[in-house]
Amino acid sequence: MSNARRHGLDEHPTELAELAAGSVEYRFDRRGPVTVVIFYGGHMRAGLSLGEEVFTEAGCSVLAPSRPGYGRTPVSTGGTADGFADVTAALCAQLGITEVAAVVGVSGGGPTSVAMAARHPILVRRLILQSAVGPLPWPDRRTRLGARIVFAPHTERVSWALVHSLVRYAPGAGLRMLLRELTLLPVRDVVAGLRPEDRTRLVALFSRMRSGRGFTRDLKELATTGDLVGHAGRVSQPALVIATRQDAAVRFAHARALAAALPHAELLESRADSHLVWFGRDWPLLTERIHSFLSEGPSRTS
């Protein structure tokens, strides 16, 4: 039995919707009348979850689609951040969702969430960005070159098989290897600072990640930020931008640029040691702010 199964962190079941633009994999966790849409970043898909408790504990239903190239969503569905924002709006209509309390962009899912808020202001009431890619070049040249090799279509499966084996059978070494790319602090200190339950959650998560064709697509699309700058300026909804200065994957400058570009944004600085703000010691305080943000009115600013 795998570590993920022993820890009770199995992958969530997903559905496949057939829309005019193509197929899209999604998970709709129905909890209450209020729905949030979450766009996860690289190496994540609808069957995986990260930090969703902040929304489910508030009684929100969660709709999580797999972005193009991830999970069972073909890379051709939507194609761009704009296109997939429209696909997700169509998915909401098919599921009977007439209002989204917040669209949430995590890491590389940030541009799609900004696009959805800008393009569908009647549907989306608020915008939340967590460690999100903003209107700056991303990633750096070294990361881009390495990722094109490691996550290319002919090497992605082998690369992740090696990662999965490492985190399952040598979790300490696996966490150090993976977190080294996510923090500006000494990685041994970051791993040592994790609570046992957080180590368990990260091992289970990393042992199930895959990139499919999605990450190489992200590298190509997110290299240019012109559309994101334009969309951000048209977002009329309140926005909450959450990031940490210790993030090596998406530098804090992205959060500052997003907060400056979005007309009605609040920048909330996390004290987390890495890109993974949900594992920071101050996450309970950030959770309180997210809950109050979701309940604030009015939902739009003119």
Side-chain angles (χ1 to χ4, degrees), residues 1-16 25-27 38-53 64-75 106-109 130-131 139 142-183 187-188 190-219 247-250 272-279:
M1 183 180 294
S2 71
N3 281 350
R5 289 184 179 275
R6 285 199 301 269
H7 297 145
L9 294 168
D10 287 337
E11 190 163 342
H12 306 294
T14 62
E15 305 287 341
L16 195 65
E25 180 186 40
Y26 71 94
R27 168 171 49 88
I38 300 180
F39 292 114
Y40 282 114
H43 320 302
M44 294 282 289
R45 57 189 180 276
L48 303 179
S49 62
L50 180 61
E52 291 182 13
E53 297 85 357
S66 294
R67 292 189 300 114
Y70 292 104
R72 293 186 288 162
T73 300
V75 74
V106 178
S107 193
Q130 300 174 337
S131 302
R142 182 183 67 84
T143 301
R144 183 179 302 279
L145 292 175
R148 284 177 175 169
I149 297 171
V150 175
F151 301 117
H154 60 285
T155 58
E156 181 268 348
R157 182 181 294 274
V158 174
S159 296
W160 276 111
L162 293 173
V163 170
H164 294 166
S165 294
L166 181 61
V167 295
R168 285 170 176 161
Y169 299 111
L175 289 176
R176 288 192 296 273
M177 181 189 75
L178 294 166
L179 289 175
R180 183 173 287 109
E181 302 301 317
L182 304 180
T183 182
V187 69
R188 288 186 177 274
V190 174
V191 173
L194 290 170
R195 296 171 299 184
E197 60 268 29
D198 289 341
R199 290 191 188 204
T200 297
R201 291 169 62 198
L202 282 174
V203 165
L205 179 66
F206 287 141
S207 69
R208 289 182 175 272
M209 282 183 167
R210 287 287 303 274
S211 307
R213 294 179 61 192
F215 195 66
T216 53
R217 168 197 166 277
D218 285 348
L219 292 177
D247 191 342
V250 181
D273 290 339
S274 76
H275 182 66
L276 306 173
V277 294
W278 311 272
F279 298 94

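All values below come from the heavy atoms of this structure, side chains included, with hydrogens, waters and symmetry mates left out. Please read these numbers as outputs of a predicted model, since none were measured by experiment.
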What closest approach, in Å, do Thr155 and Val150 show between heavy atoms, and which atom pair accounts for it? OG1-O, 3.1 Å

Set of residues satisfying side-chain hydrogen bond (donor to acceptor under 3.5 Å, both in side chains) with respect to Asp218, sequence neighbours excluded: Arg67, Tyr70

State whether the side chain of Thr143 and the backbone N or O of Pro139 hold a donor-acceptor pair below 3.5 Å, judged by distance alone. no

Checking Leu166 against Met177 for the side-chain contact (heavy atoms from CB on, under 4.5 Å) test, could you report, in this order, the C-alpha distance in whole Å, the side-chain angles of both residues, the deciding distance, and whether it holds? CA-CA 9 Å; Leu166 181 61; Met177 181 189 75; 3.8 Å; yes

Give me the atom names and distance for the closest heavy-atom approach of Ile38 to Pro65. O-CD, 3.3 Å

Going through the checks in order, is the ring-ring contact (aromatic ring centres under 6.0 Å, His included) test met by Phe206 and His164? CA-CA 7 Å; Phe206 287 141; His164 294 166; 9.8 Å; no

Side chain to side chain donor-acceptor pair (under 3.5 Å) assessment of Tyr40 paired with Gln130: CA-CA 10 Å; Tyr40 282 114; Gln130 300 174 337; over 6 Å; no

Indicate the atoms forming the closest heavy-atom contact of Asp247 with Ser131, along with that distance. OD2-CB, 3.9 Å

Answer whether the closest heavy-atom distance between the side chains of Val203 and Arg168 falls below 4.5 Å. no

Pair Met209-Leu205, side-chain contact (heavy atoms from CB on, under 4.5 Å): steps then yes or no: CA-CA 6 Å; Met209 282 183 167; Leu205 179 66; 3.9 Å; yes

Checking Thr14 now: which residues fulfil side chain to side chain contact (heavy atoms under 4.5 Å, CB included) with it, not counting sequence neighbours? Glu25, Arg27, Ala46, Arg72

When you measure from the side chain of Thr183 to the backbone of Arg180, do you find a donor-acceptor pair of N or O atoms at a distance under 3.5 Å? no

Interatomic distance, CG@Asp198 vs CG@Leu175, rounded to 0.5 Å, equals 10.5 Å

Over 60° means perpendicular and under 30° means parallel, so classify the ring planes of Phe151 and Phe215, tilted if in between. perpendicular

Evaluate the criterion side-chain contact (heavy atoms from CB on, under 4.5 Å) for residue pair Leu202 and Leu276; output intermediate values, then yes/no. CA-CA 10 Å; Leu202 282 174; Leu276 306 173; 3.5 Å; yes

Is the backbone N or O of Val191 less than 3.5 Å from a side-chain atom of Arg176, with the two atoms forming a donor-acceptor pair by type? no

Do the charged groups of Glu11 and Arg45 touch, with an N to O distance under 4.0 Å? yes

So do Ser211 and Trp160 actually touch side chain to side chain, heavy atoms under 4.5 Å? yes

Supply the atom-to-atom distance Leu145 CG to Leu219 CG, rounded to the nearest 0.5 angstrom. 10.0 Å

Considering all heavy atoms of both residues, which atom of His275 and which atom of Trp278 are nearest to each other, and what is their separation? O-CZ3, 4.1 Å

Tell me the closest heavy-atom pair linking Glu156 and Gly212, and the distance in Å. OE2-N, 3.0 Å

According to side chain to side chain contact (heavy atoms under 4.5 Å, CB included), who are the partners of Arg157, at least two apart in sequence or on a separate chain? Arg210

Working to the nearest 0.5 Å, report the span between OG of Ser66 and CZ of Phe39. 11.0 Å

Checking side-chain contact (heavy atoms from CB on, under 4.5 Å) between Phe279 and each of Val190, Leu179, Leu50, which is the one that passes? Leu50

Considering non-hydrogen atoms only, spot the tightest contact between Thr73 and Pro68 and give its length. CG2-CA, 3.9 Å

